[in-house]
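As a basis for the values below, the full set of heavy atoms in this structure was taken, side chains included, without hydrogen atoms, waters or symmetry mates.
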Amino acid sequence: MNPVLQLLLEGGSLTTAQMAQVAGISTAEVEQHLEQLKKDKIFLGWRPVLDLSREAAAAASVRAVIEVKVTPERGGGFNRFAERIAKFDEVESCYLMSGAYDLLVFVRGGSLQKVAAFVSEKLSTVEGVLSTATHFMLRCYKEQGFLLDDDADNSARLTVSP
Amino acid sequence: MSTDPKKWVAGHVASLPKSGIRDFFDLVAKMKGQDVISLGVGEPDFVTPWHVREAAIYALEHGKTYYTANLGLIELRRAISKYVEEHFSVAYRPEDQVLVTVGVSEAVDLAFRAFCNPGDKVMYHQPCYVSYHPSVQLVHATGIAVPTFAKDNFALTAEALRAAWQPGAKILMLNLPCNPTGGTCTREQLEKIAEFCREKDLLVLSDEIYSELTFDGVHTSIASLPGMAGRTIFLHGFSKAFAMTGWRIGYACGPAVLIDAMMKVHQYSMMCASIISQEAALEALTRGWDNVCRMREQYHRRRDLVVRRFNEIGLTCHSPRGSFYAFPDVTGTGLDEKQFAVELLAAEKVAVVPGQAFGANGAGHVRACFATSYEQLIEACNRIERFVAGKRPA
Ligand SMILES: Cc1ncc(COP(=O)(O)O)c(C=O)c1O
């Protein structure tokens, strides 16, 4: 496997210089690997993982998960709907699911009203959408691998031990 | 009447040397609050995986707060037996050939107490884990240190064993991969050692606590070699590969008669290992392997990083085939290992352990534990590089 991809998979937050050290290659080579991963559309980009509930200015944003049922199209299946829905700025993630509904859509908006308006005016009016069920998120406990209230305490670990 | 309480301390305890680790610990402790990077630890930086911690909580919630059988929970002994057979190719009966102990530490102590008469001779390779020689002294036995060398990547050789052997030698204590050197033996080397043990009729105590953390080649247990299971006590635990140091849980496997002798000492001194830790260990064995592999992969990359940097810096360092310790030669700096460690700590705030803490044969080396994050390791290497550059003759 691409050594840079391996480090990305570990989920740390190394700089390219640190990745170079760990992988035992030059920084330029790390960058080449990243470029290649981008070209191959494996590496899509960097994004910070944020706990916005701690940031007053951003805390107002609201997140929701929406289950969407659609009628699949002859020829296109679900892809055309999914791609169309995914393009809205409000949509953070969009997945095709097995089970009781077809698409699971993660949405972020400035307020409850804005998200509700997005669902009723944009999402449910896409042709072929049969129904939507919107669940607003109340509180986050873990975000993409990060515990929000990580109480792990390493401070009592011995600094020298046998 | 005034009295000196010292007189109540047993003579052989009073004469035990203070651990070199302890000395260095005190030195580092004085620098608390400063930005010290410690490569001086002997444990994983990973917290025990949550599924294991959660299993212990579950056990407590269900009232598991009592003593267990002296040998340990039978479910755990079955799981150990299965694990050891799968990973080490030796079969032990859970009913009478497996003893659950309070860490490998207790298992080592039990073995010496159960098998040594006063004056018996115990061979062990050195540099080695700090407890072995004191444990031998505590049972009034005599240690015979067998040197291992950097030129052999600190593998134990049958030649060195033969050279150090004395009439009356009864036990050979092995620790492969080795703390502090990371040295291990290939199967061929082990076969020669096994042959030597059969020839001299030695009982082998094999501490394989770092075996899962073998990066190059496959780990072979001496107990799995022909004719060896009957003269080997296999010692293992959860501290390192399963990141469970604080749980204090390990085990010993061997011939029923020998396990029974160890169990006798255990039943009167310890009774049993903590039931909570036994439950956690059972969970670790049943569902913990993916985490072991994930952690090993990271140790592997960290090893490659540290060994490469040390050699670039000018600290000659063999690549440890196992464990999470690098053991570079620091004499190129013109300092001995103690000066190197003390001055490095003072100048650059990086803690490593002077090699003599692991016996006289550790001279000229320091132990650097790479069970810490990439970021910390890179920063520590940068600091060591600056320190070493300042020591070079202009
Ligand atoms: C070689 C060796 N054996 C035994 C131990 C102690 O293990 P436990 O935590 O199982 O008592 C250690 C811990 O550092 C070790 O390095």
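- Both the backbone and the side chain of B/V41 come within contact range of chain A, each with at least one heavy atom under 4.5 Å from a heavy atom of that chain.
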Between chain A and chain B, are any donor-acceptor pairs under 3.5 Å, and how far apart is each one to 0.1 Å?
residue: A/Q6; atom: OE1; partner: B/R301; partner atom: NH1; Å: 3.4
residue: A/E10; atom: OE1; partner: B/Y374; partner atom: OH; Å: 2.9
residue: A/E10; atom: OE2; partner: B/R301; partner atom: NE; Å: 2.9
residue: A/E10; atom: OE2; partner: B/R301; partner atom: NH2; Å: 2.4
residue: A/E10; atom: OE2; partner: B/Y374; partner atom: OH; Å: 2.9
residue: A/Q21; atom: O; partner: B/R308; partner atom: NH2; Å: 2.3
residue: A/Q21; atom: OE1; partner: B/R309; partner atom: NH1; Å: 2.7
residue: A/R157; atom: NH1; partner: B/P44; partner atom: O; Å: 2.8
residue: A/T159; atom: O; partner: B/S38; partner atom: OG; Å: 2.3
residue: A/S161; atom: N; partner: B/G40; partner atom: O; Å: 3.2
residue: A/S161; atom: O; partner: B/R367; partner atom: NH2; Å: 2.9
residue: A/S161; atom: OG; partner: B/G42; partner atom: N; Å: 2.8
residue: A/P162; atom: O; partner: B/N179; partner atom: ND2; Å: 2.9
residue: A/P162; atom: O; partner: B/R367; partner atom: NH1; Å: 2.8

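- Contacts from residues 123-138 of chain A to chain B, taken as heavy-atom pairs separated by less than 4.5 Å, involve no residues at all.
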What verdict does the side-chain contact (heavy atoms from CB on, under 4.5 Å) test give for B/L27 and A/V160, after you've listed the backbone C-alpha separation in whole Å, the side-chain angles of each residue and the deciding distance to 0.1 Å?
CA-CA 10 Å; B/L27 211 61; A/V160 181; over 6 Å; no
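- For A/F146, the CZ atom sits in a loose shell: 12 or fewer heavy atoms of surrounding residues, nucleotides or ligands are nearer than 6.0 Å.
- In this structure, A/V22 and B/I378 have side chains that are in contact, with non-hydrogen atoms separated by less than 4.5 Å.
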